[in-house]
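Reviewing the structure listed below.
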Amino acid sequence: LRFEYYGCDREIADLLCEYFTLSEITDFKMPVYVLQGNMDCHCGAVQEYFEKVNAPYKEIQIIEGGHVSTMTKSEKLAAFIHKTAEEKNE
């Protein structure tokens, strides 16, 4: 997966992509949950990666917003966490 880092020095962005990536790690022994903003420039790459993930359970939820949508839409994050916890306790 190749990400574009806007407002970031190209050399630093290349280092981030080279050393901080999960793109080759797709097998998990635990559930995988993703909460992603639909306006985040990484959203398409995240969805593409998520499709490759193998996990006992996986869930992705796309919410309105950008890169920091989990902070600016904290009520959506809280609802997602509470829903997930309730489902696991059933």
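Numbers here simply count residues along the sequence, with the first being 1.
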Give the minimum heavy-atom separation between P56 and P31, together with the two atoms involved. CD-N, 4.3 Å

Quick one: side-chain hydrogen bond (donor to acceptor under 3.5 Å, both in side chains) partners of K58, sequence neighbours excluded? none

Within the structure provided, determine whether E75 and F80 are in side-chain contact (heavy-atom separation under 4.5 Å). no

Under the side-chain hydrogen bond (donor to acceptor under 3.5 Å, both in side chains) test, residues paired with Q61 that sit two or more places apart: none

Just grab all the salt bridge (Lys or Arg N to Asp or Glu O under 4.0 Å) pairs involving residues 28-38, residues at least two apart or on different chains. none

Can you tell me how far NZ of K76 sits from CD1 of I81, rounded to the nearest 0.5 angstrom? 14.0 Å

Nearest heavy-atom pair of V32 and F50: which atoms, and what distance? O-CE1, 4.3 Å

Kindly indicate whether the side chain of E87, heavy atoms from C-beta on, has any atom under 4.5 Å from the side chain of H82. no

For the CG atom of N54 and the OG1 atom of T26, what is their distance to the nearest 0.5 Å? 5.5 Å

Please check if any side-chain donor atom of Q47 sits under 3.5 Å from a side-chain acceptor atom of Y49, or the reverse. no

Residue pair V53 / F28, side-chain heavy-atom distance below 4.5 Å: yes

